[in-house]
Amino acid sequence: MCSIMAYCGSTATPEVFQKGFERTISRGPDDTRIVDTGKGLMGFHRLAIMGLTPAGMQPFSLDGSYIVCNGEIYGFEKWRAKLAGRYTFESDSDCEVLLPLYREYGTDMFAMLDAEFACILYDNRTQEYIAARDPIGIRPLYYGYDKDGVILFASEAKNLVGLAERILPFPPGHYYKDGSFVCYSDIAHVDQVCTDDLETVCRNIHDKLVAGVEKRLVSDARVGFLLSGGLDSSLVCAIAAKKSRTPIKTFAIGMSGDAIDLKYAKQAADYIGSDHTEVIMTKEEVLASLRAVIELLGTFDITTIRASMGMYLVCKAIHETTDIRVLLTGEISDELFGYKYTDFAPDAKAFQKEAEKRIRELHMYDVLRADRCISVNSLEARVPFGDLDFVKYVMAVEPELKRNTYGKGKYLLRHAFEGGDYLPEELLWREKAAFSDAVGHSMVDYLKEYAQAFYTDEEFEEKCKRYTHARPFTKESLLYREIFEEYYPGQAEMIADFWMPNKEWEGCNVDDPSARVLANYGDSGK
């Protein structure tokens with residue numbers, strides 16, 4: 001991970017800029033550089049992953065133009081080769097190709113990239129700023145305007161607190177130019193439904209996910225893997241283990257007493273032969289970390305906060321005890337293939353509509369969680385299930401094939417990896433447990449009990465009335481909202497709403513986001 005920021009006007013003062021920019025130095029602790037473009041300030045905190053020499057430091061410049069990018073540009077070597085006759089490259093950094101690409105193709109280049117990225121570019125020829133973000137929003141970017149109407153961009157909302165009056169997430173799949181946001185890729189939209197038969201679909205799912213993992217193993221820094229023991233992270237690890245000449249390093253976390261996934265993570269690790277580490281967390285650590293987690297996340301969402309407790313603490317342990325710099329994770333599979341609550345979708349059209357909504361909003365929830373928990377510990381997240389080719393294909397698959405009509409959720413993904421000796425049958429076909437529950441049901445219970453003791457019933461009713469956007473509806477959600485407001489006052493609209501099952505569907509009108517409350521949870525928590 002890295003951190004980028006730009007104050008896009010000549011009224012920017014270095015002291016104010018630096019104060020805001022310093023808040024995300026953990027994203028890039030290796031080096032910092034701030035440049036005056038002549039029309040504002042641009043900054044970069046570096047976490048060296050590709051091209052580890054000083055030559056890879058940003059901002060990159062070309063004839064007075066500048067760019068900063070937090071991202072991974074997959075297949076950048078082909079672009080370098082194509083551009084080599086007209087441009088001289090001074091580093092091995094993948095992001096150095098971006099300014100030459102912009103010179104050649106302008107803003108059309110964003111749709112040409114196979115990348116997870118957020119970038120800010122200053123064009124010296126037109127003296128204007130351009131910014132862009134990848135189609136899923138895997139890399140974070142926020143924007144806001146100061147009191148004079150000058151736009152600012154930054155990796156995290158915390159960079160802009162006190163500088164911008166209203167802070168909003170930069171829309172994924174868009175670029176900003178000439179004062180407007182232009183959509184260059186709506187990855188959730190399907191132009192043409194894929195009519196491949198089930199076996200062809202599963203074969204393509206297999207091949208595209210393997211390719212997505214493989215390209216994310218390329219790094220000049222050490223790579224590790226988060227292994228929950230669930231299907232998604234276990235598949236990522238199993239694929240990587242097959243591609244690696246040496247045992248991969250995997251990490252799992254859980255409560256000492258009732259962590260479902262520690263058992264299954266160890267079973268997966270033993271099967272694929274990984275160098276496995278277990279991290280045990282306590283009730284005291286969870287409660288003591290709550291405020292820090294809400295601050296680093298910049299959200300009040302219940303699901304995101306619960307699921308971040310374990311992820312934050314395992315990444316903290318990785319940062320403190322290893323030299324790993326890159327972590328592969330299993331996010332985005334649920335939104336593509338369905339989750340416990342999507343079993344209640346009344347028909348295929350409703351299933352697809354829900355998937356589109358969730359993919360478009362991911363940058364505010366699971367993707368945000370993975371980015372912040374990992375980056376605050378000076379690590380980089382890579383998400384194979386977010387591979388653009390993979391996502392486009394799965395979204396286009398006939399929705400009826402993706403619905404759970406098989407008596408087993410995520411059937412297509414499971415069937416795609418049958419017979420390849422990736423995982424033992426027991427793991428490949430076991431029921432899913434929610435990550436926030438799987439690290440230990442007691443963890444969620446501790447958080448709910450802690451919040452319950454925080455307010456009387458009268459205080460809860462009265463304090464909830466203060467909020468109009470995403471009004472808290474439990475004492476736990478009120479506690480999270482009040483902590484959020486301390487760090488991000490008046491900025492709640494950065495998050496669309498609570499990540500909850502679709503209440504319009506029969507069986508999903510529940511008051512807790514955990515799948516534990518759904519009638520079909522069954523054996524998921526065992």
Side-chain angles (χ1 to χ4, degrees), residues 26 224-230 232-234 236-237 249-270 274-322 324 327-331 365-366 368-379 381 432-454 476 479-480 483 512-516 524-526:
S26 63
F225 300 81
L226 295 183
L227 175 58
S228 72
D232 309 327
S233 65
S234 295
V236 169
C237 292
K249 292 187 72 66
T250 55
F251 299 85
I253 189 166
M255 302 292 290
S256 56
D258 60 352
I260 305 162
D261 277 358
L262 282 181
K263 173 177 68 173
Y264 293 111
K266 187 177 188 310
Q267 186 179 348
D270 288 346
S274 69
D275 179 359
H276 189 58
T277 300
E278 290 185 351
V279 178
I280 304 298
M281 60 182 181
T282 66
K283 172 184 177 181
E284 291 72 25
E285 282 180 304
V286 169
L287 297 180
S289 301
L290 180 60
R291 293 182 67 85
V293 165
I294 293 174
E295 180 188 12
L296 72 90
L297 290 172
T299 189
F300 50 79
D301 178 60
I302 305 164
T303 306
T304 307
I305 292 166
R306 287 178 181 175
S308 293
M309 303 307 300
M311 195 171 206
Y312 164 71
L313 289 169
V314 72
C315 292
K316 185 171 183 284
I318 293 168
H319 172 65
E320 291 174 350
T321 61
T322 78
I324 284 171
L327 287 175
L328 269 67
T329 74
E331 275 75 26
Y365 302 102
D366 272 16
L368 179 148
R369 166 175 58 81
D371 174 85
R372 303 301 193 279
C373 291
I374 291 173
S375 69
V376 78
N377 288 295
S378 300
L379 303 165
K432 177 183 173 61
F435 179 59
S436 55
D437 289 332
V439 295
H441 283 159
S442 60
M443 187 204 76
V444 172
D445 295 337
Y446 291 144
L447 288 169
K448 292 167 78 170
E449 290 165 8
Y450 180 66
Q452 195 67 27
F454 226 83
E476 182 186 12
L479 175 62
Y480 297 165
I483 297 173
D512 191 288
S514 171
R516 252 201 289 175
S524 300
K526 297 178 182 178

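All heavy atoms count here, side chains included; hydrogens, waters and symmetry mates do not.
- Judged purely by distance below 3.5 Å, without hydrogens or angles, the side chains of S378 and H319 never pair a donor atom with an acceptor atom.
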* Go through the steps to decide whether R306 and E476 satisfy the test side chain to side chain contact (heavy atoms under 4.5 Å, CB included), and finish with yes or no. => CA-CA 10 Å; R306 287 178 181 175; E476 182 186 12; 2.7 Å; yes

* Asked: Are T329 and I374 close enough, and set up right, to give a side chain to side chain contact (heavy atoms under 4.5 Å, CB included), and what steps lead you there?
  -> CA-CA 10 Å; T329 74; I374 291 173; 3.7 Å; yes

* Asked: Run the side chain to side chain contact (heavy atoms under 4.5 Å, CB included) check on L287 and L447 step by step: do they pass?
  -> CA-CA 7 Å; L287 297 180; L447 288 169; 4.1 Å; yes

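- In this structure the side chain of Y365 never reaches within 4.5 angstrom of the side chain of T303, judged on heavy atoms.
- Note that the CG atom of L313 and the CE atom of M443 stand 9.5 Å from one another [nearest 0.5 Å].
- The distance from atom OG1 of T299 to atom CD1 of I483, rounded to the nearest 0.5 Å, is 12.5 Å.
- Here salt bridge (Lys or Arg N to Asp or Glu O under 4.0 Å) pairs that include residues 283-292, with residues two or more places apart or in two chains, are R291-E486.
- Under the ring pair (Phe, Tyr, Trp, His ring centres under 6.0 Å) criterion, F300 pairs with F484, F498, not counting sequence neighbours.
- In K249, the NZ atom is crowded: over 12 heavy atoms of neighbouring residues, nucleotides or ligands sit closer than 6.0 Å.
- For the atom pair OG1 (T250) and CD (E278), the distance works out to 9.5 Å, reported to the nearest 0.5 Å.
- Between the SG atom of C315 and the CG atom of L226 there is a distance of 5.0 Å, given to the nearest 0.5 Å.
- The heavy-atom pair separating L297 from C373 by the smallest distance is CD2-SG, 4.4 Å.
- Taking the charged nitrogens against the carboxylate oxygens, K448 and D512 do have a contact shorter than 4.0 Å, which makes a salt bridge.
- Between the side chains of S228 and S233, at least one donor N or O lies within less than 3.5 Å of an accepting N or O.
- Between T322 and F251 the shortest side-chain heavy-atom distance falls below 4.5 Å.
- Minimum interatomic distance between I294 and I305 (heavy atoms only, all atoms of both residues): CG1-CD1, 3.8 Å.
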* To do: Dump the intermediate steps for side chain to side chain contact (heavy atoms under 4.5 Å, CB included) on N377 and S26, then the final yes or no.
  => CA-CA 7 Å; N377 288 295; S26 63; over 6 Å; no

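- The minimum heavy-atom distance linking S308 with T304 is given by the pair OG-O, 2.6 Å.
- Taking NE2 of H276 as the reference point, atom CG of D270 lies at 8.0 Å (rounded to 0.5 Å).
- Two residues are said to be in side-chain contact when any heavy atoms from C-beta on lie closer than 4.5 Å; D301 and L368 fail this criterion.
- V314 approaches V279 most closely through the heavy-atom pair CG2-CG2, 4.0 Å.
- By the 4.5 Å heavy-atom criterion applied to side chains, M281 and K316 are not counted as neighbours.
- Checked against a 6.0 Å centroid threshold, the rings of Y450 and F454 count as neighbours.
- Two residues are said to be in side-chain contact when any heavy atoms from C-beta on lie closer than 4.5 Å; Y446 and M255 meet this criterion.
- Across all non-hydrogen atoms, the minimal contact from C237 to F225 is SG-CB, 3.5 Å.
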